[in-house]
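Report on the structure given below.
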Amino acid sequence: VRAEAADNVPPPPQPPAGVATPTVQPERKLAMFGFVDWAEKINSRAAMLGFFALLALEAATGKPILSLMGIAVGNGINIGF
């Protein structure tokens, strides 16, 4: 797909007759929720802290997290053979 030449760009749309164009742009507030940059940074930092806290817990106790929660691990799967 080739890009069209700059002289083939249509003009911006005009408002209907009798409608005035605003003279002042409205101010936009920063988004507090959703996929915004600062929320993603905070989320990733919290995930990194949690991951390394889990590694430190496993290193200190010598057991995996599932064993600390009371779930038996490392015994294989009993499928009846």
Side-chain angles (χ1 to χ4, degrees):
V1 176
R2 294 184 339 177
E4 296 182 19
D7 57 341
N8 291 341
V9 176
Q14 298 298 320
V19 177
T21 305
T23 57
V24 179
Q25 287 286 347
E27 293 183 21
R28 291 180 17 171
K29 295 181 181 179
L30 291 176
M32 295 300 294
F33 301 101
F35 295 103
V36 292
D37 287 340
W38 69 271
E40 292 299 313
K41 288 180 184 176
I42 294 295
N43 186 24
S44 62
R45 290 174 182 163
M48 286 186 279
L49 284 173
F51 179 74
F52 285 108
L54 175 63
L55 287 178
L57 178 69
E58 289 186 0
T61 61
K63 295 181 179 180
I65 187 69
L66 293 177
S67 293
L68 293 173
M69 292 171 50
I71 300 172
V73 295
N75 299 331
I77 300 175
N78 184 5
I79 56 175
F81 287 124

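Counting from 1, the numbers follow the sequence of the chain as shown.
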Original post:
Apart from Leu57 itself, what residues make up its hydrophobic cluster, given side-chain heavy atom links below 4.5 Å?
Top reply: Leu54, Ile65, Leu66, Leu68, Met69, Ile71, Val73
Show me the side-chain donor-acceptor pairs of residues 16-25 shorter than 3.5 Å, one per line, residues at least two apart or across chains.
none

Which side-chain N or O atoms in residues 27-36 pair as donor and acceptor under 3.5 Å with protein atoms at least two apart or in another chain?
none

Original post:
Can you tell me how far the CD atom of Glu40 sits from the CG atom of Asp37, to the nearest 0.5 Å?
Top reply: 8.0 Å
